[in-house]
Amino acid sequence: MATQPSAMDNLVSLCKRRGFIFQSSEIYGGINGFWDYGPLGADLKRNIKDAWWRDTVHRRDDMVGLDSSIIMHPRIWEASGHVQGFTDPMVDCRACKRRYKADQIKVLRPSGGEGLSFAFFEGDREPADRKIRKQAKADPSAYEVIDLSALDGKDFASVVGPDVDEPGTLTEPRSFNLMFRTQVGPVADESSVAYLRPETAQGIFAQFSNVLATSRQKIPFGIAQIGKAFRNEINPRNFTFRSREFEQMEVEFFVKPGTDEDWHRTWIAERLRWYESIGIAGDHLHQFEYPKSDLAHYASACVDITYDFPFGRQELEGIAARGDFDLSRHQEYSGKSMVYFDEETREKFIPHVVEPSAGVDRICLAVLCEAYAEEWVPKGEGAGGPRPAEPGAPVPEFYEPRTVLRFHPRVAPVKAAVFPLLKNRPELVEKAREIYRDLQRRHRVFWDQTGAIGRRYRRQDEAGTPFGITIDFETLENGTVTLRDRDSMAQERIPAAEVAARIDPAAG
RNA sequence: GCGGGCGUAGCUUAGUGGUAAAGCUCCAGCCUUCCAAGCUGGUCACGCGGGUUCGAUUCCCGCCGCCCGCUCCA
């Protein structure tokens, strides 16, 4: 049987139980790499996207939005490099379990043709030379260097892999095209091939000129877009973290050449602030700066914003300084000028770009991980607030467990729940209904009249609802209600008329 | 894709070559004046497809899915 369920297992289970995230196509056995957001998840995700759009587009003077199509002209993906870059033939080693990019592996083959061949990493043939002297008792200079891809299928039996000493462990190169192919129109031939976009960014670059001409923006300014993207990942993993269909929130921020570095720094700071504004603790956020050697040739810098997931420190967002690579390539492939004329300085240039590119589903998952807590709550009144549960330990006497999602109210799917203390007292239900209707005009609120009041509070704890509002007989007398705080579980009596004023600023 | 583990109600688990049990959840009702209380009743499952067998949830094979490693980088 399974070992001790991890925190991640418990979260996955809660997501299904409460309707945050379901496996796609579950009734047909599921489909690897695709996920559906249930009633609570749909609102959570929407709140995250809305918060991003408000903060990134509405509340700035230097940003405009765009919503480009998912399927675009296939030449876009030639210009962007995805047609080539996403087609990487890979080779597996059955013995050492390593995987290599076929174009990075070279082979030393005996000039005579007979005998073992030795594979090595391009630029580092020394280990292979050693093996030749030792295993084949031969002179490496009697061997010729060829590409791995130049070998026939039958030749692989005599190839010794880069990290092993025996031949025949390498598979033949297999091509993994990470773009989903489809066709446009009813005729399926090579001329109708199209791709589901593997990133939203190229839609922005392709419309740069139109946006510039219609938005009355001047550099520096940015174009923001939220939308689905698709990558046929070899191996989807870690719940929704690596999915084949996912949603991105991307900005292409166009700047004057030479100011790239400043803007890059500015955006990193801006984005870190934003993550904290939706409730992700600063000490779970990190920056990973790519070493120069790992950067794409056109990029001058790239920093990932990472989060400490239960399964490791992983990327939420990449912020790259991409120079003028994208616009230049589209200028080259489309034949249309991407040159910008700066009226103040009378300069002409192709704008450089800084690209903060975030994964919505990854942020959702981070928000869920950050919010998830298992606690011990003292039984009885006045015994104090909840305290964190010790994993694996039994619940102490006079305590009971609770599971709570401590969402920041900005992203919480439901902002408040309204409860009549007793459902069999029509006057309570009626008054509660009135308050519920009033709040519903401003926020997503939840109605629950079923079961004991404590049970209803706990239900909302698992949904991450920050506020509970209970209507009792005192409400009928003096108009006050109980406002219950999700995190501290503290209760407070306030006039019903003030409830909205308490929820609004928190949920902002 | 390769290697290892796993697949029984919504969740967590039990169990058997003769079609399945429990706790929690959920639904309905009663009761209840503020933190998963109580009582009554109810819904819901052997991932899919083959094979062996008189008979498969159980044994075998394939597929699908989930988890862990290799790999990946929104």
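Chain A is the first sequence line, chain B the second, and so forth, proteins listed ahead of strands; every chain is numbered from 1.
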On the nucleotide C66(B), are OP1 or OP2 found under 4.0 Å from the side-chain N or O atoms that Asn238(A) carries?
no

Looking only at side-chain atoms of Lys16(A), point me to the closest of C11(B), A74(B), C35(B).
C11(B)

Which base, if any, makes a Watson-Crick or G-U wobble pair with G23(B), both distances under 3.5 Å?
C11(B)

Using a cut-off of 4.0 Å between protein heavy atoms and nucleotide atoms, how would you tag nucleotides 41-48 of chain B 5' to 3' with B, S and -?
--------

Side-chain contact check for Thr450(A): nearest option of A28(B), G10(B), U32(B) is A28(B)

When you check the phosphate oxygens OP1 and OP2 of C30(B), does a side-chain N or O of Asn424(A) lie under 4.0 Å from one of them?
no

Check whether NZ of the Lys or CZ of the Arg Arg46(A) lies under 6.0 Å from the centre of the six-membered ring of Tyr37(A) and within 45 degrees of that ring's axis.
no

Within 45 degrees of the axis of the six-membered ring of Tyr457(A) and under 6.0 Å from its centre: does Arg484(A) put its NZ or CZ there?
yes

Integer-rounded Å distance: G38(B) P and Ile453(A) CD1:
17 Å

Interatomic distance where CZ belongs to Arg17(A) and C1' belongs to G23(B) [whole Å]:
14 Å

Starting at atom CG of Asn235(A), determine the distance to atom C1' of C72(B), rounded to an integer number of angstrom.
9 Å

Around atom CZ of Arg406(A), are there more than 12 heavy atoms from other residues, nucleotides or ligands closer than 6.0 Å?
yes

Gln449(A) CD - A28(B) C1' separation (whole Å)
13 Å

Taking the C1' atom of each, how far is G50(B) from G15(B), in whole Å?
26 Å

Quick check on A74(B): is either OP1 or OP2 less than 4.0 Å from any side-chain nitrogen or oxygen of Arg231(A)?
yes

Nucleotide nearest Trp35(A) (side chain, heavy atoms from C-beta), chosen from U33(B), C66(B), C34(B):
C66(B)

Centres of the Phe246(A) and Trp35(A) rings: under 6.0 Å?
no

Would you measure the distance from the C1' atom in U53(B) across to the matching atom in C70(B) and give it in whole Å?
41 Å

Could you work out the separation of U52(B) and U13(B) based on their C1' atoms and round it to a whole Å?
30 Å

Touch class at under 4.0 angstrom, heavy-atom based, for Tyr290(A) against every strand present:
base

Given the C1' atoms of C48(B) and A36(B), what is the spacing between them in whole Å?
37 Å

NE2-OH distance between His352(A) and Tyr298(A), expressed to the nearest 0.5 angstrom:
14.0 Å

Arg271(A) NZ/CZ over Tyr275(A) ring centroid, <6.0 Å and within 45° of normal:
yes

Given C72(B), C73(B), G65(B), which nucleotide is nearest the side-chain atoms of Glu233(A)?
C72(B)

Considering only side-chain heavy atoms of Ala452(A), which listed nucleotide, C34(B), A37(B), U12(B), is closest?
A37(B)

Give the nucleotide from the list A74(B), C11(B), A36(B) with an atom nearest to the side chain of Arg362(A).
A74(B)

Closest listed nucleotide, where the reference is the side chain of Arg484(A) and the choices are G65(B), C35(B), A74(B)
C35(B)

Rounded to whole angstrom units, what separation is found between the NZ atom of Lys49(A) and the P atom of A74(B)?
19 Å

Taking atom C1' in both G4(B) and C73(B), compute the distance separating them and give it to the nearest angstrom.
25 Å

Using only modelled atom types and a 3.5 angstrom limit, is any donor from either the side chain of Arg237(A) or the base of G69(B) paired with an acceptor on the other?
yes

If you check every side-chain atom of Asn32(A), which of G65(B), C70(B), U12(B) has the closest atom?
G65(B)

Which residues share a salt bridge (charged side-chain N to carboxylate O under 4.0 Å, His left out) with Glu276(A), sequence neighbours left out:
none

When all nucleic acid strands are considered with a 4.0 Å heavy-atom cut-off, which category describes Phe241(A): base, sugar-phosphate, or nothing?
base

When the P atoms of C6(B) and C61(B) are considered, how many whole Å apart are they?
13 Å

Row check, Trp376(A) ring normal vs Arg402(A) NZ/CZ: under 6.0 Å, within 45°:
no

With a 4.0 Å cutoff (strictly under), does any side-chain N or O of Arg455(A) reach OP1 or OP2 of A37(B)?
yes

